[in-house]
Amino acid sequence: MKLIFQLLDVDYFLNGGKKPTIRLFGKTASGNAVCVFYDKFLPYFFIKPNDKTADALPAHREIVSAEKVEKFLPIGHQQAPTPLLKLTLTNPQDVPRIRDTFLENKSCDEVFEADILFKYRFMVDFNIHGMGWVEAECTIAPTKTVSVPAYHAETIAPVANEANTGLKYLALDIECLPTDTRRPLDPKNNTIIMIALSFEPAYRGQTSLVLVAKQLQGKETKGFQNEKEMLAEFLTIIDTYDPDIVTGYNINSFDLPYILDRLDAHRLPRTFGRVKDKPVFAKKIGLFQECGLPGRVVVDPYQILRRDPWIKFHRYNLNTVAKELLNEEKLDVVYSDIPKLWAGAREETSHLVEYARKDADLSLKLVIKKELLDKFLELSKISGLLLQDCFSGQATRVETMLMYEFKKRNFVMQARPSQHLVNQRTKEREKIGIKGATVLEPKKGLHAEGCTLVLDFRSLYPSIMRSFNISTDTLILNGQAASHTSPSGASFVTQEVREGIMPSVLTKLLDARSAAKKLMKSETGEKRKMLNARQLALKDISNSIYGYTGYVRARLYVMDVANSITAYGRQNIETTKKLIEDSFPVEVIYGDTDSLLMKTTITNPEEAYKLGNTISRKISDALPGYLELEFEKIYRTFLVLTKKRYAGWKFVFEGGVWKDDIEMKGIETIRRDWCPLVSETTKHVIDVILKEGDIQKAITSLREVLEKLKEGEIPLEKLTIVKGITRSLESYEGISPHIELARKLNTRNPSEPVKIGDRLGFVIIKGNQLLSKRAEDPEYVRKHNISIDSEYYIYSQLLPPIERILNAVGVSRSEVLGSGRQTNIMDILTGTKRKMKHTIDVTVRQPQSLNGWEGLVCKTCSKSYRRMPLAGACDCGGDLLISYHGSMGTKIIGN
DNA sequence: TGCGAGCGGGG
DNA sequence: GTGTACGCTCGCA
């Protein structure tokens with residue numbers, strides 16, 4: 001019979017004769033889980049033989065064949081393939097040992113592909129991808145080792161299909177019973193008292209069920225005699241429901257490992273994956289913990305959100321994340337109250353039950369409603385990685401994707417670097433220092449005479465790689481006639497000689513992305529969502545190829561490649577700047593990596609748009625290869641403080657009207673250690689400067705704020721600084737205001753001590769003590785009519801950020817404070833640059849208020865930039881507007 | 001300005 | 001499992 005299914009997971013087991021059998025877990029189009037066995041594939045790797053090889057081979061009885069092959073090596077351009085030996089074994093687990101013996105004895109010159117997981121060896125060779133569709137010619141296999149229908153396959157082949165089959169989701173959340181809430185939980189002694197489960201689709205008509213380790217029945221609640229019975233039922237439910245996806249908040253480093261420990265404690269089996277011969281495992285690598293349920297996929301929204309460069313939260317606890325993304329909150333239970341609630345009256349325990357239920361529910365909602373998985377499904381299909389392995393870093397994705405390409409083109413893949421080599425690379429980089437992208441020196445100050453145009457290079461680094469054929473396999477290593485040399489001095493063959501694998505992959509990825517975006521427009525519903533996730537995934541992966549070549553742990557770490565790309569980037573921004581200034585009546589006033597901002601004398605946004613489009617067209621025509629300069633947007637006025645810190649008054653024509661908005665990059669208006677007054681005042685000052693060009697007015701309004709501060713007229717809420725208590729008070733060594741306040745509060749009210757995780761708001765009051773001793777509870781201040789320390793708020797809170805802004809428009813601190821020399825006043829009254837009410841030739845509709853969400857993302861946007869060395873089209877361009885709408889990613893305007 | 005330590009989520 | 005995996009913020013020099 002023929003079986004067609006979407007591939008969820010792959011593993012293998014060893015048969016009696018130590019021969020491997022591959023197991024493919026999947027779901028058919030109708031949603032049935034299946035497992036397919038394939039036993040006609042053996043592990044192998046390549047060696048570059050030397051004169052000792054022939055003698056060494058017979059010593060290894062595990063090697064069943066040594067076949068002469070010719071392959072291209074991964075790094076450096078070669079005219080002809082290199083003779084290699086392909087060594088085939090039977091047991092994948094023998095590979096590392098034999099590989100190491102060959103290397104230690106120098107029985108070969110080099111080893112290739114001896115560090116590829118057997119499942120991936122199989123997938124690459126059969127060209128089947130994670131979440132891709134597979135066709136198997138098979139018969140029913142009688143086996144008790146697998147909990148879903150099993151088949152024995154004669155043939156395995158990929159099927160072209162982009163659709164996704166329906167998946168079954170189970171979210172779980174456990175509650176434990178601590179003996180001492182101040183100490184960490186000990187899974188040996190502290191029992192699990194509840195397991196909350198949420199199902200999608202429903203399980204026996206229920207979408208929620210809480211298992212409780214005591215006799216407590218209720219709606220969607222099931223009580224048990226003890227923990228052991230509860231755990232046994234948990235195992236039964238997983239078996240019966242048979243979820244594809246198991247999720248839960250921080251499930252990888254808490255719930256699942258804890259459950260495993262408690263199963264062990266009761267001598268219950270750990271087998272709640274889809275196989276009975278392999279337990280669920282927990283592995284910790286450094287700080288990172290991961291659990292695996294064979295045949296299922298563990299999804300941890302916490303880990304996904306933490307690693308997502310597009311969204312930032314100030315905290316990553318479930319409550320914060322759920323509030324921001326779902327507009328829902330956890331129920332109100334304090335950790336230290338759990339023993340009391342558990343031991344207490346029925347209502348109290350029920351409250352804890354509902355608390356657990358809500359947590360499981362929120363996790364499931366995060367994954368499903370916020371479509372956290374969608375992009376990863378597509379990343380899986382594109383890279384080939386199994387879905388489970390898509391959640392870790394970008395490097396593996398690029399690497400696996402390239403492995404499929406290497407195989408197709410008769411290349412072998414480079415070995416993973418040893419720890420030693422990684423250290424060496426890291427040191428080398430530190431010593432030499434890596435040259436990054438160019439940030440043009442900004443023409444500081446306010447630009448208000450005409451509109452500022454923002455133009456961006458589209459997918460800069462991918463375009464450079466394509467335009468100049470930059471790849472590990474086009475790099476000229478040993479002085480062959482250079483086809484062309486990059487500004488950093490490395491040479492590459494041209495496309496006519498050989499198209500590089502990376503440029504060719506990039507072309508495919510970028511074309512696929514355009515196609516997906518185009519298709520999206522005419523699609524709706526699931527198909528459209530899939531296409532959107534797909535184009536985001538394609539963008540992610542194309543933008544990470546450049547970074548991969550400069551990542552110390554990469555198999556294909558080739559600094560000549562990485563450096564050439566950035567070198568071309570730097571050259572490009574400089575030459576384009578010159579080209580623009582030579583060809584158009586504009587002045588480039590700023591640029592960063594892949595963006596150029598230019599000043600015009602045009603006050604009419606419509607005309608500014610026309611010029612922007614003309615520049616884009618003309619310059620793109622003149623640029624080499626695939627480089628394209630896109631017109632992004634206009635700022636009617638533009639204020640730049642320093643590199644990476646600026647604000648612009650943006651105008652967009654949308655739905656028949658002009659809409660405006662203040663955009664800020666790198667100017668922080670929200671910071672945890674600032675009080676709301678700072679954010680408010682900073683924003684206001686920028687607003688006045690950009691929209692009215694009236695610096696005097698900005699100063700005056702700032703002075704008013706300072707006056708009010710001195711008079712004590714600013715409400716305490718605006719002066720409250722919030723900081724969290726992250727650990728026990730005793731463990732804080734130094735003195736910080738919020739800790740001092742916490743201690744004070746505990747003395748005042750010992751019955752309700754400050755707990756870890758609490759966020760304390762405080763204001764700084766007048767006095768002679770150390771600053772941190774003068775943190776006080778705003779309520780207390782109000783009640784006792786205590787004066788706040790206006791000096792502190794002026795000099796430590798307000799002035800530092802605002803001074804930076806005013807300095808950029810030529811205002812000194814003494815001027816702001818009104819204590820400066822009199823000539824300053826004259827300057828203010830007469831100086832033309834101080835007053836320039838600008839013309840706006842359009843009717844402006846009131847700016848739309850951003851909802852809380854977008855505001856958060858906006859703030860984040862600049863941050864995420866700082867961290868992504870090169871995130872592609874949106875990197876530091878100043879044109880990145882992220883809104884979280886429906887899907888995990890983002891809407892990136894103009895991209 | 002640059003570096004090292006420390007923390008995260010969960011209960 | 002043909003394994004070996006952080007990344008940021010804050011405090012201090």
Participant: Atom CD of A:Gln388 and atom P of C:dA5: how far apart are they, to the nearest Å?
Facilitator: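 Rounded to the whole Å, the gap is 18 Å.
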Participant: Just checking A:Arg307: base, sugar-phosphate only, or nothing, at a heavy-atom cut-off of under 4.0 Å?
Facilitator: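 Counting heavy atoms under 4.0 Å across all strands, no contact is made by A:Arg307.
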Participant: Choose from B:dG10, B:dG9, C:dA5 the nucleotide whose nearest atom is closest to any side-chain atom of A:Leu318.
Facilitator: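 Selected nucleotide: B:dG10.
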Participant: Given atom OH of A:Tyr302 and atom P of C:dG7, what is their separation to the nearest angstrom?
Facilitator: 13 Å
Participant: Rounded to the Å, how far apart are A:Lys323 NZ and B:dG9 C1'?
Facilitator: 17 Å
Participant: Using the P atom as the reference point in each nucleotide, state the distance between C:dT9 and C:dA5 in Å, no decimals.
Facilitator: 23 Å
Participant: Please tabulate, for the side chains in residues 281-292 of chain A, all donor-acceptor contacts under 3.5 angstrom to protein atoms that are two or more places apart in sequence or on a different chain.
Facilitator:
none

Participant: What nucleic acid atoms does A:Tyr355 come within less than 4.0 Å of, heavy atoms only: base, sugar-phosphate, or nothing?
Facilitator: sugar-phosphate
Participant: Looking at residues at least two apart in the chain, or sitting in another chain, which of them share a side-chain contact (heavy atoms from CB on, under 4.5 Å) with A:Arg97?
Facilitator: A:Glu62, A:Asp94
Participant: Would you call A:Lys330-A:Asp359 a salt bridge at under 4.0 Å N-O?
Facilitator: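 Looking at A:Lys330 and A:Asp359, the cut-off is met.
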Participant: Between A:Asp255 (CG) and B:dG11 (C1'), how many Å, whole number?
Facilitator: 9 Å
Participant: Would you indicate, yes or no, if B:dG9 has its OP1 or OP2 atom less than 4.0 angstrom from a side-chain nitrogen or oxygen of A:Arg306?
Facilitator: yes
Participant: Between B:dG9 and C:dC10, how far apart are the P atoms? Round to whole Å, please.
Facilitator: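 Those two atoms are separated by 13 Å.
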Participant: Which pair of heavy atoms, one from A:Pro49 and one from A:Ile47, lies closest together, and at what distance?
Facilitator: CD-O, 3.3 Å
Participant: Between the base of B:dG11 and the side chain of A:Tyr335, is there a donor-acceptor distance below 3.5 Å?
Facilitator: yes
Participant: Atom pairs under 3.5 Å, N or O on each side, protein against nucleotides 1-3 of chain C: can you list them with distances?
Facilitator:
| from | atom 1 | to | atom 2 | distance (Å) |
| --- | --- | --- | --- | --- |
| C:dT2 | OP1 | A:Phe118 | N | 3.0 |
| C:dT2 | OP2 | A:Tyr12 | OH | 2.9 |
| C:dT2 | O4' | A:Pro92 | O | 3.1 |
| C:dT2 | N1 | A:Ile116 | O | 3.2 |
| C:dT2 | O2 | A:Ala114 | O | 2.4 |
| C:dT2 | O2 | A:Asp115 | N | 3.0 |
| C:dT2 | O2 | A:Ile116 | N | 3.4 |
| C:dT2 | N3 | A:Ile116 | O | 3.2 |
| C:dG3 | OP1 | A:Arg99 | NH1 | 2.9 |
| C:dG3 | OP1 | A:Arg99 | NH2 | 3.3 |
| C:dG3 | O3' | A:Arg416 | NH1 | 3.3 |

Participant: Round to a whole Å and report the spacing from CG of A:Leu177 to C1' of B:dG10.
Facilitator: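 It works out to 16 Å between those atoms.
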Participant: Using a heavy-atom cut-off of 4.0 Å across all strands, would you classify A:Asp359 as base, sugar-phosphate, or nothing?
Facilitator: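 Sugar-phosphate contact only.
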Participant: Checking salt bridge (charged side-chain N to carboxylate O under 4.0 Å, His left out) for the pair A:Lys323/A:Glu328: CA distance, chi angles, key distance, verdict?
Facilitator: CA-CA 5 Å; A:Lys323 204 158 135 189; A:Glu328 274 188 66; over 6 Å; no
Participant: Could you tell me how far apart A:Ile195 (CD1) and B:dG11 (P) are, to the nearest whole angstrom?
Facilitator: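 Going from A:Ile195 (CD1) to B:dG11 (P), I get 13 Å.
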Participant: Given B:dG11, is OP1 or OP2 found less than 4.0 Å from the side-chain N or O atoms of A:Lys330?
Facilitator: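 For B:dG11, OP1/OP2 do have a side-chain N/O of A:Lys330 under 4.0 Å.
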Participant: Please confirm whether the backbone N or O of A:Ala114 pairs with a side-chain atom of A:Arg99, one donor and one acceptor, at under 3.5 Å?
Facilitator: yes
Participant: Mind checking if A:Leu89 touches a base, just sugar-phosphate, or nothing, with heavy atoms under 4.0 Å?
Facilitator: nothing
Participant: Quick check on the 6.0 Å ring-centre criterion: do A:Phe254 and A:Tyr249 meet it?
Facilitator: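 Here the rings of A:Tyr249 and A:Phe254 have centres that are no less than 6.0 Å from each other.
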Participant: Classify the nucleic acid contact of A:Leu185 as base, sugar-phosphate or nothing, counting any heavy atom under 4.0 Å across all strands shown.
Facilitator: base
Participant: Is it true that a side-chain atom of A:Arg553 and a backbone atom of A:Gln419 form a donor plus acceptor pair closer than 3.5 Å?
Facilitator: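 Between the backbone of A:Gln419 and the side chain of A:Arg553 there is no qualifying donor-acceptor contact (under 3.5 Å).
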Participant: How close or far is atom P of B:dG9 from atom CZ of A:Phe313, stated in whole angstroms?
Facilitator: 12 Å
Participant: Atom CD of A:Gln419 to atom P of C:dA5: distance rounded to whole Å?
Facilitator: 6 Å
